[in-house]
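This report concerns only the one structure given below.
Here the structure is a predicted model, which is why all the values come from computation and not from measurement.
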Amino acid sequence: MDVNQAKQEHLLALKVMRLTKPTLFTNLPVTCEERDLPGDLFTQLMREDPSTIKGAETLMLGEMLTLPQNFGNIFLGETFSSYISVHNDSNQVVKDILVKADLQTSSQRLNLSASNSAVAELKPECCIDDVIHHEVKEIGTHILVCAVSYTTQYGEKLYFRKFFKFQVLKPLDVKTKFYNAETDEVFLEAQIQNITTSPMFMEKVSLEPSMMYNVTELNTVICGDEGKSTFGKMSYLQPMDTRQYLYCLKPKPEYAEKAGVIKGVTVIGKLDIVWKTNLGERGRLQTSQLQRMAPGYGDIRLSLEMIPDTVNLEEPFDIICKVTNCSERTMDLVLEMCNTRSIHWCGVSGRQLGKLSPATFLSLPLTLLSSVQGLQSISGLRLTDTFLKRTYEYDDIAQVCVVCPYTSNES
């Protein structure tokens with residue numbers, strides 16, 4: 001008797017169901033050779049099976065769709081949709097029905113109800129339906145709290161609520177690597193791994209740079225007038241597969257000459273990833289601001305602006321160096337050129353370069369030659385600040401390929 005009274009405590013019944021797209025039906029084909037004992041029995045059964053594809057009965061994939069049998073997995077970046085229904089199971093007219101749906105996460109509580117106004121009345125065997133949507137932006141435990149309040153025909157106000165707990169999983173594993181070029185360019189390699197159990201169609205993977213940089217995507221190959229993706233026409237990412245994306249960031253012109261500003265930059269930008277799964281279910285994920293360790297150039301930076309790819313043995317060639325003052329003080333610089341075993345500098349060593357103000361640079365044309373063939377490292381430059389009597393040595397500035405121009409003629 002107490003159990004029946006507990007069941008009849010409320011006049012309304014609340015049902016909550018997750019809305020997901022169906023999946024393609026799969027079966028396990030069983031076949032045998034005609035000379036085996038079953039003969040063509042298995043083949044005949046598969047032909048009569050309505051779930052198989054006519055003419056391709058041995059394929060596991062069928063033509064029918066399967067409705068979801070359980071709650072399923074919810075991944076970060078997907079849209080969570082739920083159907084909420086409140087049904088009047090009694091023979092009374094219920095008034096002032098208010099249905100409220102909240103989503104409780106580890107950091108906040110969100111109201112998902114489409115309307116916060118009460119329904120005037122609900123007749124017997126009638127229902128109130130609502131569909132809620134929410135783009136999931138946090139991983140971990142989520143609780144859907146559905147609350148219903150109403151008034152009976154006798155003026156009694158009743159209230160009840162139900163809790164639905166589910167976990168939000170991470171769909172992608174994103175790893176990044178930064179490579180600093182000799183110039184102020186920064187190369188970003190993004191490794192994206194599908195850690196779900198189903199394939200993904202990667203619709204878009206882009207980098208939104210910070211305000212100081214322009215970005216160039218290096219994931220296409222130019223063929224004629226149009227570019228083709230390096231991943232092919234069908235950009236699918238199978239479960240547990242990893243794909244690498246490459247981007248080049250260059251400082252904007254207004255920041256390129258400010259050596260001190262570029263030196264201190266650690267924020268590069270953020271990745272924007274859009275994918276689709278199964279029957280077109282869309283997901284989107286944005287990373288937090290990506291940060292890199294700023295390169296330590298010291299007080300003064302020496303980089304190359306121009307160098308030939310190939311030079312001849314024992315023939316002079318020209319390079320252009322860029323000297324940048326990365327400190328906050330003025331320097332008075334002296335250039336010394338020291339010969340190595342294979343590299344010989346041409347010109348006067350110990351010459352004055354003059355004063356260099358903070359965050360400024362000067363272009364320095366130099367001439368040298370190599371006495372050894374092969375890939376040679378350019379080394380032996382030394383800069384001295386006469387104000388503080390500090391010396392800065394630069395080895396392995398760049399590498400150059402040295403070839404012998406003389407070839408023997410055979411008759």
Does the side chain of [X] pick up a donor-acceptor pair with the side chain of [Y] at under 3.5 Å?
| X | Y | result |
| --- | --- | --- |
| E138 | T105 | yes |
| E189 | Q191 | yes |
| S81 | H133 | yes |
| D129 | S85 | yes |

Which heavy atom in [X] sits nearest to a heavy atom in [Y], and how many Å separate them?
| X | Y | answer |
| --- | --- | --- |
| I319 | P308 | CG2-CD, 4.3 Å |
| N111 | A101 | OD1-O, 3.3 Å |
| M337 | G347 | CE-C, 3.8 Å |
| L76 | K137 | CD1-C, 3.2 Å |
| R382 | E393 | NE-OE2, 3.5 Å |
| L103 | H134 | CD2-CD2, 3.3 Å |

Heavy atoms from other residues, nucleotides or ligands near [atom1] of [X] exceed 12 (cutoff 6.0 Å):
| X | atom1 | answer |
| --- | --- | --- |
| E328 | CD | no |
| R341 | CZ | no |
| F160 | CZ | yes |

| request: Could you please spell out the steps behind the side-chain contact (heavy atoms from CB on, under 4.5 Å) verdict for T141 and Q104? | output: CA-CA 9 Å; T141 303; Q104 178 71 52; over 6 Å; no
| Tell me, do I300 and L333 make a side-chain contact under 4.5 Å, heavy atoms counted? | yes
| field | Evaluation steps, side-chain contact (heavy atoms from CB on, under 4.5 Å), between D385 and D299 | value | CA-CA 10 Å; D385 180 13; D299 292 339; over 6 Å; no
| query | Under the 6.0 Å and 45° cation-pi test, does R243 pair with F231? | reply | yes
| request: Check the angle between the aromatic planes of F80 and F166 and answer parallel, tilted or perpendicular using the 30° and 60° thresholds. | output: parallel
Acceptor/donor pairs from residues 310-317 side chains to any protein atom, 3.5 angstrom cut, sequence neighbours excluded:
from : atom 1 : to   : atom 2 : distance (Å)
N312 : ND2    : E315 : OE1    : 3.1

| said: Once ring pair (Phe, Tyr, Trp, His ring centres under 6.0 Å) is applied, do any residues pair with F187, and if so which ones, sequence neighbours excluded? | reply: none
| request: Could you check V205 against Y247 for side-chain contact (heavy atoms from CB on, under 4.5 Å), going step by step and ending with a plain yes or no? | output: CA-CA 11 Å; V205 179; Y247 304 90; 3.4 Å; yes
| field | Salt bridge E121-K95, side-chain N to carboxylate O under 4.0 Å | value | no
